Amino acid sequence: MRIRLGNAHNKPQKLILNGTAFQVAAIDGNAIHKPTNLKETYLQIPAGGRMDVTFTMPNHAVRLFDAKDERGGWVFQSTTTTTKASMEVPDEVFKPEEYGEQQASQLDVSADFDREFEMVFDSKLAFFDGMVHHLWTINGELYPNTPMLMVSEGDIVKTTFVNRSYSHHPMHLHGHKMLVLTRNGVATTGSPWWTDTLNVKPGETYEVAFKADNPGIWMDHCHNLDHATNGMMMHLQYDNVYTPFSGHTHE
């Protein structure tokens, strides 16, 4: 069995697969190198994130459900005899930074980076569009005043995410995929972890890298879309790439 789980919600979802050992085969469509069996482990999928899970169907029930909806979800049966699967919620969370087997990455980050950026996430209460809102800032600014990340085609880019706010921020870079280098100062040790939606929890710091190989002007924003609406959005722009459009939604 292979199931692709996609979170269309605005907040992280805690999903549990009980009744059999399983593997995480891919994250955001990027294959995991030599995934290993997991059991009594839950998956936390950020807003906009995807995970592929695989398992061999046993001769008893397997249950996939959301921790907030223990009576819902799906039950898989391999026989006509109905059996029950556990509704227990495990304590252990899946850790992609440690999962799978190491392998040389497609992205060589051994040399100096061509560009380095830091994005610091904060929150504040202020007027926005004529009303009081809880606003979400990047480096102290709200969209459209957040600065562009400027790159040239072929650049190897490192970005540091620092979350000083009290909320999760699944950061989504359009048009590219990011290689996670470190989490809270500790280097990743598992399979190369490629993602396009990286959930940065309160107090966390991540370093990621990507290759600027897709010229354009690309959104880079929090995938909690209410956060993006209230300021947490910016753009990645390539040198010598322009747009005929101007203006923004908040006048």
Side-chain angles (χ1 to χ4, degrees), residues 4-17 24 26-30 41-53 65-70 89-99 117-126 128 133-143 146 149 159-174 176-186 188 190 193-210 218-236:
R4 173 162 290 181
L5 306 171
N7 181 8
H9 197 277
N10 240 13
K11 297 293 184 290
Q13 299 298 299
K14 184 175 179 179
L15 297 178
I16 296 94
L17 182 69
V24 175
I27 297 175
D28 293 344
N30 304 294
T41 300
Y42 70 85
L43 305 175
Q44 188 169 58
I45 304 180
R50 292 87 66 209
M51 287 188 187
D52 290 22
V53 296
F65 64 98
D66 188 307
K68 295 181 180 178
D69 184 21
E70 295 183 9
V89 177
D91 295 325
E92 185 72 22
V93 64
F94 172 62
K95 298 177 180 177
E97 69 270 24
E98 302 175 359
Y99 186 67
F117 302 104
E118 183 177 70
M119 297 167 65
V120 180
F121 311 136
D122 284 301
S123 60
K124 65 180 181 180
L125 193 66
F128 193 60
H133 286 278
H134 212 121
L135 305 182
W136 305 96
T137 63
I138 301 175
N139 296 344
E141 300 290 346
L142 301 170
Y143 179 81
T146 45
L149 303 182
T159 305
T160 302
F161 299 127
V162 182
N163 188 358
R164 300 195 307 202
S165 77
Y166 64 85
S167 182
H168 294 244
H169 297 301
M171 298 308 296
H172 177 55
L173 174 60
H174 287 219
H176 303 77
K177 60 182 181 180
M178 302 176 286
L179 176 65
V180 182
L181 304 176
T182 67
R183 178 188 181 192
N184 298 329
V186 179
T188 56
W193 176 11
W194 290 97
T195 182
D196 60 39
T197 305
L198 179 64
N199 192 46
V200 187
K201 298 178 182 178
E204 284 192 326
T205 297
Y206 278 94
E207 292 177 315
V208 303
F210 67 91
W218 297 98
M219 286 179 63
D220 191 1
H221 66 102
C222 178
H223 233 153
N224 290 339
L225 296 184
D226 54 338
H227 294 183
T229 298
N230 287 0
M232 192 164 278
M233 179 170 22
M234 62 194 312
H235 288 90
L236 171 75

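Because only heavy atoms are used, hydrogens play no part in the values below, and waters and symmetry mates are left out as well, while side chains stay in. Computed from a predicted structure; not experimentally measured.
Judged by distance alone, with hydrogens and angles left aside, the side-chain atoms of R164 form no donor-acceptor pair with the main-chain N or O of V162 at under 3.5 Å. At least one donor-acceptor pair under 3.5 Å links the side chain of N163 to the backbone N or O of S167. Side-chain atoms of D28 come within 3.5 Å of backbone N or O of D196 as a donor-acceptor pair. The backbone N or O of H227 sits nowhere less than 3.5 Å from a side-chain atom of N230 that would complete a donor-acceptor pair. At least one donor-acceptor pair closer than 3.5 Å links the side chain of N7 to the backbone N or O of I45.
A ring-centre distance under 6.0 Å is found for H134 and Y166.
Here the shortest heavy-atom pairing between P46 and N199 reads CB-CB, 3.5 Å. Shown here for M233 and T146, the closest heavy-atom pair between the two residues is O-OG1, 2.7 Å. The heavy-atom pair separating H169 from F121 by the smallest distance is CD2-CB, 3.9 Å. The two residues V24 and Y99 have their closest heavy-atom pair at N-OH, 3.2 Å. Residues N139 and E118 approach most closely at ND2-O, 3.0 Å, considering heavy atoms. Smallest separation of non-hydrogen atoms from G49 and T197: N-CG2, 4.3 Å.
Within the 4.5 Å cutoff, the side chain of F161 has heavy atoms near those of the M171 side chain. Within the 4.5 Å cutoff, side-chain heavy atoms of D220 are placed close to those of M119. Side-chain contact between L43 and L5: present, with at least one pair of heavy atoms (C-beta onward) separated by less than 4.5 Å. When side chains are defined from C-beta on, Y206 counts as touching L198, because their heavy atoms get closer than 4.5 Å. No side-chain heavy atom of V208 sits under 4.5 Å from any side-chain heavy atom of L179. The closest side-chain heavy-atom distance from Y42 to E92 is not below 4.5 Å. Between W218 and H176, some side-chain heavy-atom pair lies under the 4.5 Å cut-off. Contact of the K11 side chain with the H168 side chain is not registered, since no non-hydrogen atoms from C-beta on lie closer than 4.5 Å.
Residue-environment remark: CG (D69) exceeds the threshold of 12 foreign heavy atoms within 6.0 Å.
At a cut-off of 3.5 Å, with distance as the only test, no side-chain donor of Q44 or K95 sits close to an acceptor on the other residue. Using modelled atom types and a 3.5 Å distance limit, the side chains of T182 and E207 yield a donor-acceptor pair.
Each of H221, H235, H223 was scored for a ring-ring contact (aromatic ring centres under 6.0 Å, His included) with H174, with one residue passing: H221. Under the side-chain contact (heavy atoms from CB on, under 4.5 Å) test applied with L135, the options D122, L142, L125 reduce to a single match, L142.
Note that OG of S165 and CE of M232 are 5.5 Å apart. Values are rounded to the nearest 0.5 Å. Rounded to the nearest 0.5 angstrom, T137 OG1 and K124 NZ are separated by 6.5 Å. Atoms CG and CD, from N184 and E97 in turn, are 8.5 Å apart once rounded to the nearest 0.5 Å.
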Item to check | Test side-chain contact (heavy atoms from CB on, under 4.5 Å) applied to T159 and F210, step by step | outcome: CA-CA 8 Å; T159 305; F210 67 91; 4.0 Å; yes
